[in-house]
Amino acid sequence: MTSVLKQGNTKSASFLAEVAHELRSPLGGLEALTELLLTSGLNPEQARLVQGLQAASAHLRAVANTVIESDGPMRRTFDVREEPFDLGALVDAVGIAAEARARVKGLAFRLQRPEPLPRPLLGDGRRVRQMLENLIDNAVKVTTRGSISLDLEHVDTRGAFIGLRFVVSDTGPGFDDAARDKLFKAFSRIDDSIEGTGLGLNIVRKFARMMGGEAGCASEPGQGASFWFTLRLKLAEAVVQVPEICEPAPLIPAQSRLPILVVDDNATNRMILSAILEHFGYGCIEAASGEAALALLADRAVAAVMMDQTLPGISGVETLEAIRRMQGPTATVPVIPVSGRVGAADREAFASAGANGFVEKPVSARAIMEALQLVEPQREARERSAA
């Protein structure tokens, strides 16, 4: 398969992207469940092992994300958002996961960043995180002893823009000038013994250029390597709070008399979402299709509905439209889409049909609870009327 990809076979790349998309949801679920384990009173050794499991699943999810992007370099369909994000919180969260991954291999990890960092910034925080994860993933793969570091440097501030430089360094084997020319090409690897898709660095360079920067590397054989990218981002006006990704704060359980209806055709996805909800005090009922969900809603009241978009039979949007046409209080039940289809058209379709929020897959416990807290007043009103 590797030789086929090196030849740029787009059909093979698209097939791998489809497989990676199927892998991403259960990997995200694994991360969510380990996130819950970390809040369950583990002893220090148990917590260390679960953090290693969390780091490994995050690594696999990052690989899946990279493969999914494999269609992008060929069709130039990358998207970059411009929205407020807290760079300091993002970098700290990436550092926590990187430290856990490094520790699993017996490596030291160091994070260095200037204080204070401006916050918030306008840009695509999810892409910045993906770029950092790709560089750290690359460093962890090639380094067998020593250390890995992540340095964030404030280059300059010009008017409403700030220039930043991110550097990931390792004590791995390094490479020569001939290898350097291949590193940022799609599906290219300098050594077939190194695991990976050959896409991570190519994606880092593309995103850096889309955000007004550049990417590159420096190394000498036997002397380790440094990979870097620069960005030029806008300073935002409003302060935005970005939750810690790898160390979630305790969340308040919601003691609800009415259950939450979980709708997904994948039994594993239903189990993961139900486990998160039950951990925080909600009861759950499940449906594997839109038709089954509508039948359940015709017979009983629920606190909210959390529903996938891709379902057998009628879609999630069609199911939501049918709910809004139902008689009585059920027509106004809070419905929160939980979907891996996160494009603007998908979000707008749900919003137009009357959705109450949106949660991206892979899910996290925090994202689920924050979405439910937004509809909490509606839930309480429905429970008072059902009493």
Going by the rule side-chain hydrogen bond (donor to acceptor under 3.5 Å, both in side chains), which residues pair with [X] if we only count those two or more places apart in sequence or in a different chain?
X: Ser315; value: Glu318
X: Thr310; value: none
X: Gln46; value: Asn43
X: Thr230; value: none

Considering residues at least two apart in sequence or located in another chain, which fulfil the salt bridge (Lys or Arg N to Asp or Glu O under 4.0 Å) criterion with [X]?
X: Glu278; answer: none
X: Arg113; answer: Asp92, Glu115
X: Asp156; answer: Arg158, Arg232
X: Arg103; answer: Glu99

Exercise for review: For Ser352, check side-chain contact (heavy atoms from CB on, under 4.5 Å) against everything at least two apart and list the hits.
Suggested key: none
Practice item. Apply side-chain contact (heavy atoms from CB on, under 4.5 Å) to Thr144 and list each qualifying residue two or more places apart in sequence or on a separate chain. Key: none
Study note, to complete from the structure: What one should report as the nearest heavy-atom pair of Leu273 and Met306 is CD2-CB, 4.0 Å
Check your understanding: Any salt bridge (charged side-chain N to carboxylate O under 4.0 Å, His left out) pairs touching residues 263-276, not counting sequence neighbours?
Key -> Asp264-Lys361, Arg270-Glu286
Is the backbone of [Y] close enough, under 3.5 Å, to the side chain of [X] for a donor and an acceptor to pair up by distance?
X: Asn356; Y: Val335; answer: yes
X: Arg127; Y: Phe207; answer: no
X: Arg324; Y: Val333; answer: yes
X: Glu133; Y: Val94; answer: no

Review point. Are Glu360 and Arg347 close enough for a salt bridge, meaning some N to O gap below 4.0 Å?
Key: yes
Check your understanding: Under a 4.0 Å N-O cut-off, is there an ion pair linking Asp151 with Arg110?
Key -> yes
Output a table of donor-acceptor pairs, distance under 3.5 Å, between side-chain atoms of residues 218-227 and any protein atom two or more places apart or on a different chain; print 'none' if there are none.
| residue | atom | partner | partner atom | Å |
| --- | --- | --- | --- | --- |
| Ser219 | OG | Phe175 | N | 3.0 |
| Ser219 | OG | Gly224 | O | 2.6 |
| Ser226 | OG | Ser169 | OG | 2.8 |

